[in-house]
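Contents: one structure, followed by commentary.
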Amino acid sequence: MKKNSRLILALDVGSGDEAYSIASETEGIFDAIKVGYPLILSAGLSVIKDLSSIAPVIADLKIADIPNTNRLICDRLFSAGAQGVIAHAFTGRDSLEACVDVARRYNGELYAVAEMSHPGALEFMSPIAERLAILALDVGASGIVAPATRPERIRTLKRIAGDLTIISPGVGAQGGSLRDAIEAGADYAIVGRSVYESSSPRKAAEALLDLIR
Ligand code: BMP
């Protein structure tokens, strides 16, 4: 993923047509498009290839299974055209390593979730996030997911994660500030609803771009 706008569009919309239309309208602004269960389950895996003609696609299935199943899932996603895949790290070294191995085979990127952005993440995830970031670093992941809703956590996790790329969701609809997340060390901010629910996704995306520059 080339660092340009430092913005990733999360397209959690309900159809391939809608996704394609918003991606086209905002073409050139986002460094990548993140798709997850909502879109893949409605539009099918082929949506990855379709959107890849507009921007690199990160498949966010937060994979969390045994190594063999993780390997199979990653293989499906990369062969469908994903440039990056997001997996959970809490399943342990062997499971995460399996994802990294497949990513390497495809010259792709593997992002590990260190800490999530919602309030519930404070319950179980936040207390082990530093260990998850160390694991991501150890197994050679491309980057980690850290919460834009808690910039101080981005700062802490960045100190651990070294050169790993930090991608941060939680800007806008979840209350996180784009500027604060970037200042805290996020390499990319992930933004969904504040763009795709806007009456003008292009204008909303340009406003984010202005904020970042
Ligand atoms: P929104 O800007 O609409 O809140 O979207 C954020 C996106 O990032 C969603 O796709 C969500 O699933 C994802 N995400 C998140 O919000 N927090 C996390 O910790 C990890 C995520 O992948």
Side-chain angles (χ1 to χ4, degrees), residues 1 5-14 18-19 22-23 26 29-43 47-48 51 55 57-64 73 77 82 84-91 99 109-130 132-133 136 141-154 156-158 161 164-182 184 186-199 201 204-205 207-209 211-212:
M1 183 167 42
S5 67
R6 306 177 69 168
L7 293 168
I8 297 171
L9 174 61
L11 267 181
D12 297 320
V13 295
E18 194 185 346
I22 294 168
T26 57
I29 295 182
F30 293 97
D31 289 341
I33 297 170
K34 183 179 85 66
V35 301
Y37 291 102
L39 183 58
I40 292 176
L41 292 178
S42 14
V47 76
I48 294 178
L51 293 173
V57 171
I58 297 174
D60 174 15
L61 295 191
K62 293 193 185 66
I63 304 166
I73 298 169
L77 294 170
V85 165
I86 298 178
H88 268 301
F90 68 74
T91 44
C99 297
E109 293 149 19
L110 194 285
Y111 298 94
V113 180
E115 179 171 327
M116 294 184 73
S117 58
H118 62 308
L122 294 173
E123 218 174 331
F124 300 112
M125 227 170 187
S126 188
I128 58 160
E130 279 90 339
L132 299 178
S142 317
I144 57 167
V145 177
T149 45
R150 282 174 235 111
E152 76 284 0
R153 296 296 294 152
I154 297 180
T156 301
L157 292 167
K158 189 173 182 72
L164 296 195
T165 299
I166 298 195
I167 60 176
S168 292
V171 165
Q174 294 178 53
S177 141
L178 175 60
R179 278 225 179 114
D180 291 352
I182 297 289
D187 294 286
Y188 297 89
I190 298 171
V191 191
R193 285 165 285 176
S194 27
V195 172
Y196 69 73
E197 284 183 351
S198 159
S199 54
L208 291 170
L209 205 52
L211 269 180
I212 227 166

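Worth saying up front: this structure is predicted, and the values here are computed from it rather than measured. Read the numbers this way: they start at 1 and go in the same order the structure lists the ligands and their atoms.
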At less than 4.0 angstrom from any non-hydrogen atom of Pro169, what atoms of ligand 1 do you find? 8 (O), 14 (N), 15 (C), 16 (O), 17 (N), 18 (C), 19 (O), 20 (C), 21 (C)
Could you tell me whether ligand 1 has any atom less than 4.0 Å away from a heavy atom of Lys62? yes
Walk me through it: do Thr149 and Gln174 pass the test side chain to side chain donor-acceptor pair (under 3.5 Å)? CA-CA 7 Å; Thr149 45; Gln174 294 178 53; 5.4 Å; no
What part of Arg193, side chain from CB on, backbone N/CA/C/O, both or neither, has a heavy atom under 4.0 Å from ligand 1? both
Val113, portion touching ligand 1 at heavy-atom distance under 4.0 Å: neither
Considering only heavy atoms, does His118 approach ligand 1 within less than 4.0 Å through its side chain, its backbone, both, or neither? neither
Identify the closest protein heavy atom to atom 6 (C) of ligand 1: which residue and atom is it, and at what distance? Gln174 NE2, 3.7 Å
Run the side chain to side chain contact (heavy atoms under 4.5 Å, CB included) check on Tyr111 and Met1 step by step: do they pass? CA-CA 12 Å; Tyr111 298 94; Met1 183 167 42; 3.1 Å; yes
If the cut-off is 4.0 Å to any non-hydrogen atom of Ala10, which atoms of ligand 1 fall inside it? 7 (C), 10 (O)
Quick one: does Ser42's side chain have a donor or acceptor within less than 3.5 Å of a partner on Pro38's backbone? yes
Looking only at protein heavy atoms, what sits closest to atom 2 (O) of ligand 1 is Gly192 N, 2.8 Å
Pair Val13, Leu39 - check side chain to side chain contact (heavy atoms under 4.5 Å, CB included), show working. CA-CA 6 Å; Val13 295; Leu39 183 58; 4.1 Å; yes
For Asp12, atoms of ligand 1 separated by under 4.0 Å from a heavy atom: 9 (C), 10 (O)
Nearest protein heavy atom to atom 11 (C) of ligand 1, by residue and atom, and its distance? Lys34 NZ, 4.0 Å
Give the atoms of ligand 1, by number and element, whose distance to some non-hydrogen atom of Ser117 is under 4.0 Å. 15 (C), 16 (O), 17 (N), 18 (C), 19 (O)
Picking from Ile167, Val145, Ile144, what satisfies side chain to side chain contact (heavy atoms under 4.5 Å, CB included) with Val113? Val145
Between Asp31 (side chain only) and Ser5 (backbone N and O only), is there a donor and an acceptor less than 3.5 Å apart? yes
Salt bridge (charged side-chain N to carboxylate O under 4.0 Å, His left out) filter on Arg6, not counting sequence neighbours, yields none
When you measure from the side chain of Tyr37 to the backbone N and O of Leu61, does any donor-acceptor pair fall under 3.5 Å? yes
